[in-house]
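Heads up, the thing below is written out as structure tokens.
Just so you know, these numbers use all the heavy atoms, side chains as well, and skip hydrogens, waters and symmetry mates. Chain letters run A, B, ... following the sequence lines, proteins first and then strands; every chain starts at 1.
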Amino acid sequence: MTIYIGNLSYDATQDNIKEVFAEYGTVKKAHVPTDRETGRPRGFAFIDMGLDSEEEKAIAELDGAEWMGRTLKVNKARPRGN
DNA sequence: GTTGAGCGTT
């Protein structure tokens, strides 16, 4: 399962995000897409955890949490291409 | 500032 993080601060980096989610489990993958045309961050990110239970916990704990001045929206990610 | 890439016209 992959976690989606929306309403993310543009100051957040892949490593930043990884740190935060690592508090709730093992972060296997962290991805911060940037706009393909402009190279600017798009304000959201994706995280892959080791265990589903850890992902659920991270979602529960971090959804609605304030981080870097933004209130995070954390959710299960949709598959790419949808 | 809210759902990811890259290839490249089947």
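Heavy atoms of Phe46(A) sit under 4.0 angstrom from at least one base atom. Across all strands, Leu8(A) comes closer than 4.0 Å to base atoms (heavy-atom distances).
Arg36(A) places its CZ atom 18 Å from the P atom of dT3(B), with the value rounded to the nearest Å. The nearest whole Å value for the distance from the CG atom in Asn7(A) to the P atom in dT2(B) is 8 Å. One can place CD1 of Ile59(A) at 20 Å from P of dT2(B), the figure rounded to the nearest angstrom. As rounded to whole Å, 20 Å separates atom P of dT2(B) from atom CZ of Arg80(A). Residue Asn75(A) contributes atom CG, which lies 10 Å from atom C1' of dT3(B) at whole-angstrom precision. Rounded to an integer number of Å, the gap from Ile3(A) CD1 to dT2(B) P is 20 Å. Taking atom CD on Glu37(A) and atom P on dA5(B), their separation rounds to 11 Å, with Å as the unit. A straight line from NE2 of His31(A) to C1' of dT2(B) spans 16 Å, rounded to a whole angstrom.
For Asn75(A) (side chain) and Tyr4(A) (main-chain N/O), no donor-acceptor pair under 3.5 Å exists by modelled atom type. Checking side-chain atoms of Glu55(A) against main-chain N and O of Ile3(A) turns up no donor-acceptor pair under 3.5 Å.
Phe46(A) and Tyr24(A) are not part of a single hydrophobic cluster, where members link through side-chain heavy atoms under 4.5 Å apart. In the hydrophobic clustering of this structure, Met1(A) does not group with Leu51(A); members are Ile, Leu, Val, Met, Phe, Trp, Tyr whose side-chain heavy atoms approach within less than 4.5 Å, directly or through other members.
Proximity note for Pro33(A) (side chain, C-beta onward) versus dG8(B), dT2(B), dG4(B): the nearest is dG4(B).
Once the 5.5 Å centre distance and the 30° plane angle are applied, the aromatic ring of Tyr4(A) is found stacked with the base of dT3(B).
Taking the nucleotide of DNA chain B with the nearest heavy atom to each of Ser9(A) and Asp48(A), the more 5' of the two is matched to Ser9(A).
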